[in-house]
Visitor: 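The following block contains the structure, expressed as structure tokens.
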Amino acid sequence: MSEFAPKSDFLRVLAERGYIHQCSDLSGVDEKAAAGDLIAYIGYDCTGPSLHVGHLLPTMMLRWLQKTGGGKPLPLMGGGTTRVGDPSGKDESRKILTIADIDANKASIRGVFSNFLTFGDGKTDAIMPDNAEWLTALNYIEFLRDVGRHFSVNRMLSMDSVKMRLERDQELSFIEFNYMCLQAYDFVELYRRYGCMLQMGGSDQWGNIVTGIDLGRRMGTGQLYALTSPLLTTASGAKMGKTASGAVWLNADMLSPWDYWQYWRNTEDADTGKFLKLFTELPMDEIRRLEALQGAEINEAKKVLANEATAMAHGRAAADQAMATARTTFEEGGASTDLPGVDIPQSEFAEGVGVLTAFVRAGLVASTGEARRQVKGGGLRVNDTAVTDERASISARDLRSGAVKLSLGRKKHVLLRPV
RNA sequence: GGGGAAGUGUCCCGAGCGGCAAAGGGGGCGGACUGUAAAUCCGCUGGCUAUGCCUUCGUAGGUUCGAGUCCUACCUUCCCCA
């Protein structure tokens, strides 16, 4: 891959920023992209109500495709396949959702995409198809006759995703086993409907994608291509996109821009350069400069990373605000009024609220028991003063410009406001 | 259809002679050290109106002063035979 000199901006960007893990035919893809004719899709399941950071990498590839004028991005909603479950790499079968759930998830996800892609009818405008459109209309007998006959069970059994399940004696249901057929068929259908010739995805999707290319050849599509991105783990080996409180969601109603900004701000040193390339659109020389920073200076690079990533998902204003809040909170030790807040009835407040209860109400701890333990471990602070007496209470005299600042550990702060 | 094994702290894995709020990991959280990083070390990791009370070991019963542990039935998963 290092030998390859792309003609298209699309592949050049992808290559230099580290998005490419494997590609079935780089020069083939390059040619289409150079002509601006590359129509590419990525499949997304609708198991969750939003997209999270794990979806960001493939989504950025679609964004670059659009931005470099390489062609048309098709984020495909797996409204049909979500009802099946993908065995790839997963140890456990995916839960099967109701149709109503899937629809709700789809609607929510559509909103997230609009932050990253421009939709419309133009040549490089994105379209969001849903494979339920064709999968639910399939007739079993016809599907077997027209599509099923092209699949070799022998080969399906030899695929890693299947082999793994068989070797571990883990249940692999017939529906899941069919997943790859449906995904392959999606590719063909997208070719027929939109002229889509490239499927992208995480490296764990390689097998499924190639199966689609094969099916296409047998069913008379033009040449199809596969391009996968590396699976991302943090430098210390953890999976991307998980934090204490769960997934790092991309929409504001599930994870505030402030928390999103913090997620990126807390990137491990060793990942900073990689993330700048993958998750921001800063010019490469700027990234190289930031990457070269050493020691505590890396924090500057992390702030840029947090800003750029947050701006993309939540807008520049939200990013600026998060940065300002971070500065007053962490660098000046103050209590920015933009910290997350929780309201408490004035009446209750007047009588004084127990510290333990207050922390529970603020959502910083799950129970008074946990609050008690945190007090013992020195983890709770009220207005930056450590809580030592678990029976203390909070009242009006603790107000600092209309709120009480509760902190758990160094990083989690909530403002308690009487209302 | 017959025979066998297993399901444990609602994150996961996993010990558990009838006295168990239940060993040990991993993960997570907090503390120290730092740079809102990593690594390392230490503490915590059922709930509550709290020196006590309540709820937890697949489900439902039973034996017992007392059951995660013994008995019965059922559910689920896996293995072997047909």
Side-chain angles (χ1 to χ4, degrees), chain A residues 90-93 95 165-173 233-248 256 258-276 290-307 309-310 322-336 338-340 348 351-382 384-391 393 405-414:
Chain A
K90 318 292 184 300
D91 291 343
E92 311 241 326
S93 306
K95 215 191 282 170
R165 289 282 280 269
L166 292 178
E167 276 166 9
R168 293 201 207 162
D169 280 328
Q170 270 164 343
E171 173 80 7
L172 174 65
S173 72
T233 52
T234 66
S236 48
K239 260 179 253 150
M240 279 272 314
K242 294 283 179 187
T243 65
S245 34
V248 179
S256 70
W258 158 253
D259 286 323
Y260 191 74
W261 195 92
Q262 283 297 318
Y263 172 76
W264 293 107
R265 173 63 247 262
N266 285 300
T267 296
E268 293 177 28
D269 285 8
D271 290 323
T272 312
K274 182 167 71 178
F275 287 0
L276 280 166
L290 291 168
E291 225 176 355
L293 296 174
Q294 290 299 315
E297 290 188 325
I298 292 179
N299 285 327
E300 290 313 309
K302 290 185 192 177
K303 284 180 212 168
V304 174
L305 170 63
N307 275 342
T310 305
M323 181 169 68
T325 303
R327 190 169 42 238
T328 53
T329 306
F330 290 103
E331 290 171 29
E332 295 159 17
S336 166
D338 289 323
L339 282 173
E348 210 175 317
E351 303 166 10
V353 185
V355 238
L356 302 180
T357 316
F359 276 89
V360 174
R361 294 289 278 281
L364 287 169
V365 293
S367 65
T368 57
E370 190 189 336
R372 218 176 290 270
R373 281 180 233 119
Q374 290 293 4
V375 169
K376 226 174 287 170
L380 299 188
R381 275 166 298 136
V382 174
D384 299 309
T385 307
V387 177
T388 48
D389 178 9
E390 54 184 48
R391 279 171 306 180
S393 71
K405 181 182 173 194
L406 303 184
S407 313
L408 167 66
R410 208 104 271 154
K411 296 183 193 173
K412 275 162 266 174
H413 310 279
V414 169

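In the text below, chain A, chain B and the rest are named by the order of the sequence lines, each starting its count at 1.
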Visitor: Does the A/Thr328 side chain pair with the main chain of A/Thr325, one donor and one acceptor, at a distance under 3.5 Å?
Guide: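 Confirmed, A/Thr328 side chain pairs with A/Thr325 backbone.
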Visitor: In whole angstroms, how far is the C1' atom of B/U49 from the CG atom of A/Leu356?
Guide: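 Interatomic distance, CG of A/Leu356 to C1' of B/U49: 13 Å.
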Visitor: Look at the side-chain N and O atoms of A/Lys412 and state whether any lies under 4.0 Å from the OP1 or OP2 oxygen of B/G30.
Guide: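 Looking at the OP1 and OP2 atoms of B/G30, one of them is under 4.0 Å from a side-chain N or O of A/Lys412.
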Visitor: Just call it for A/Lys376: base, sugar-phosphate, or nothing, with non-hydrogen atoms closer than 4.0 Å on any strand.
Guide: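 Touches nothing.
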Visitor: Nearest to the side chain of A/Ser367, which nucleotide is it out of B/C48, B/U49, B/G35?
Guide: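 Closest nucleotide to the A/Ser367 side chain: B/C48.
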Visitor: Would you mind reading off the distance between A/Arg372 atom CZ and B/U51 atom P, rounded to a whole angstrom?
Guide: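 My rounded result for the distance is 10 Å.
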Visitor: Once you round it to whole Å, what is the distance between C1' of B/C48 and CD of A/Glu370?
Guide: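 Result: 15 Å.
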Visitor: Looking only at non-hydrogen atoms, find the nearest pair between A/Leu380 and A/Val375 and report the distance.
Guide: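 Taking A/Leu380 first and A/Val375 second, the nearest heavy atoms are CD1-CG2, 3.6 Å.
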Visitor: How many Å lie between CZ on A/Phe330 and C1' on B/U34, as a whole number?
Guide: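 A/Phe330 atom CZ is separated from B/U34 atom C1' by 15 Å.
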Visitor: Where each residue is assigned the nucleotide of RNA chain B containing its nearest heavy atom, which of A/Gly369 and A/Gln262 is assigned the position nearer the 5′ end?
Guide: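 By nearest-heavy-atom nucleotide position, the 5'-most residue is A/Gln262.
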Visitor: For the pair A/Glu268 and A/Lys302, find out whether any cationic side-chain nitrogen is under 4.0 Å from an anionic carboxylate oxygen.
Guide: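 No, A/Glu268 and A/Lys302 are not salt-bridged.
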Visitor: Taking atom P in both B/A22 and B/C57, compute the distance separating them and give it to the nearest angstrom.
Guide: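 Looking at atom P only, B/A22 and B/C57 are 15 Å apart.
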Visitor: Using only side-chain N and O atoms of A/Arg410, determine if any of them is under 4.0 Å from OP1 or OP2 of B/A32.
Guide: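 For B/A32, OP1/OP2 do have a side-chain N/O of A/Arg410 under 4.0 Å.
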Visitor: Give one of base, sugar-phosphate or nothing for A/Leu380, where a contact means two heavy atoms less than 4.0 Å apart.
Guide: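 Answer is nothing: A/Leu380 stays at 4.0 Å or more from every strand.
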Visitor: If the P atom of B/C42 is compared with that of B/U36, how far apart are they to the nearest Å?
Guide: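 After rounding to an integer number of Å, I get 24 Å for this pair.
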Visitor: What's the gap between B/U51 and B/C41 when it is taken at their P atoms, as a whole Å value?
Guide: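 It comes out at 38 Å once rounded to the nearest Å.
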Visitor: Taking CD from A/Glu390 and C1' from B/C44, how many angstroms apart are they, rounded to a whole number?
Guide: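 One finds 14 Å between C1' of B/C44 and CD of A/Glu390, rounded.
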Visitor: Does any N or O in the side chain of A/Asp271 come within less than 3.5 Å of the main-chain N or O of A/Thr267, such that one atom is a donor and the other an acceptor?
Guide: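 No; zero donor-acceptor contacts below 3.5 Å.
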Visitor: Using the ring of each side chain (for Trp, its six-membered ring), is A/Trp258 parallel, tilted or perpendicular to A/Phe330, with breaks at 30° and 60°?
Guide: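 Rings of A/Trp258 and A/Phe330: parallel, as their planes differ by under 30°.
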Visitor: Using whole Å, what does the distance between atom C1' of nucleotide B/G35 and atom CG of A/Leu293 come to?
Guide: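 A/Leu293 atom CG is separated from B/G35 atom C1' by 13 Å.
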Visitor: Between B/C65 and B/A73, how far apart are the C1' atoms? Round to whole Å, please.
Guide: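 That atom pair is separated by 26 Å.
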Visitor: So which nucleotide does B/U55 pair with, by the Watson-Crick or G-U wobble rule with both distances under 3.5 Å?
Guide: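 When the pairing criteria are applied, nothing turns out to pair with B/U55, so the answer is none.
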Visitor: Taking any heavy-atom pair under 4.0 Å as a contact, classify A/Thr267: base, sugar-phosphate, or nothing.
Guide: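 Sugar-phosphate, backbone atoms only, no base.
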Visitor: Starting at CZ of A/Phe275 and ending at C1' of B/A37, how long is that distance when rounded to a whole Å?
Guide: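 Distance check: A/Phe275 CZ to B/A37 C1' gives 12 Å.
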Visitor: B/C78 pairs with which nucleotide, Watson-Crick or G-U wobble, both distances below 3.5 Å?
Guide: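 The answer is B/G4, by the H-bond criterion.
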Visitor: Using atom P of each nucleotide, how far apart are B/G3 and B/U63 to the nearest Å?
Guide: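 It comes out at 28 Å once rounded to the nearest Å.
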Visitor: With rounding to whole Å, what would you report as the distance between B/U45 and B/A21 at their C1' atoms?
Guide: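 So the two C1' atoms sit 13 Å from each other.
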Visitor: Could you please name the partner base of B/A67, counting Watson-Crick and G-U wobble pairs only when both distances are under 3.5 Å?
Guide: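 Because no pair has both required distances under 3.5 Å, B/A67 counts as unpaired.
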Visitor: Given the P atoms of B/A6 and B/C70, what is the spacing between them in whole Å?
Guide: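 Here B/A6 and B/C70 have their P atoms 10 Å from each other.
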Visitor: Please work out if A/Arg381 contacts a base, only the sugar-phosphate, or nothing of the nucleic acid, heavy-atom cut-off 4.0 Å.
Guide: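 Touches nothing.
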Visitor: Determine which nucleotide pairs with B/U40, using a 3.5 Å limit on both distances of a Watson-Crick or G-U wobble pair.
Guide: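 Partner of B/U40: B/A32.
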Visitor: Between A/Glu300 and A/Lys303, is the closest basic N to carboxylate O distance under 4.0 Å?
Guide: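 A/Glu300 and A/Lys303: salt-bridged.
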Visitor: Look at A/Thr368 and B/C48 and indicate whether a side-chain polar atom (N or O) is within less than 4.0 Å of OP1 or OP2.
Guide: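 Checking A/Thr368 against B/C48: at least one side-chain N or O falls below 4.0 Å of OP1 or OP2.
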Visitor: With P as the reference atom in both, quote the distance from B/C75 to B/A15 in angstrom, rounded to an integer.
Guide: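 That atom pair is separated by 26 Å.
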Visitor: Are there over 12 heavy-atom neighbours, none belonging to A/Glu331, within less than 6.0 Å of that residue's CD?
Guide: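 Atom CD in A/Glu331 is packed in, count exceeds 12.
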Visitor: On the side chain of A/Arg391, is there an atom forming a donor-acceptor pair with the base of B/A50 - under 3.5 Å, no angle test?
Guide: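 Between B/A50 and A/Arg391, which were checked side chain against base, a qualifying N/O pair under 3.5 Å is absent.
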Visitor: Once you round it to whole Å, what is the distance between P of B/A38 and NZ of A/Lys411?
Guide: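 Computing the A/Lys411:NZ to B/A38:P distance gives 6 Å.
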Visitor: OP1, OP2 of B/G47 versus side-chain N and O of A/Arg373: anything below 4.0 Å?
Guide: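 Yes, because at least one side-chain N or O of A/Arg373 sits under 4.0 Å from OP1 or OP2 of B/G47.
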Visitor: Taking the nucleotide of RNA chain B with the nearest heavy atom to each, does A/Gly379 or A/Gly295 sit closer to the 5' end?
Guide: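 It is A/Gly379, whose closest nucleotide lies nearer the 5' terminus.
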Visitor: Partner of B/C11 by Watson-Crick or G-U wobble geometry, both contacts under 3.5 Å, or none?
Guide: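 Here B/C11 is engaged in a pair, and the nucleotide opposite it is B/G26.
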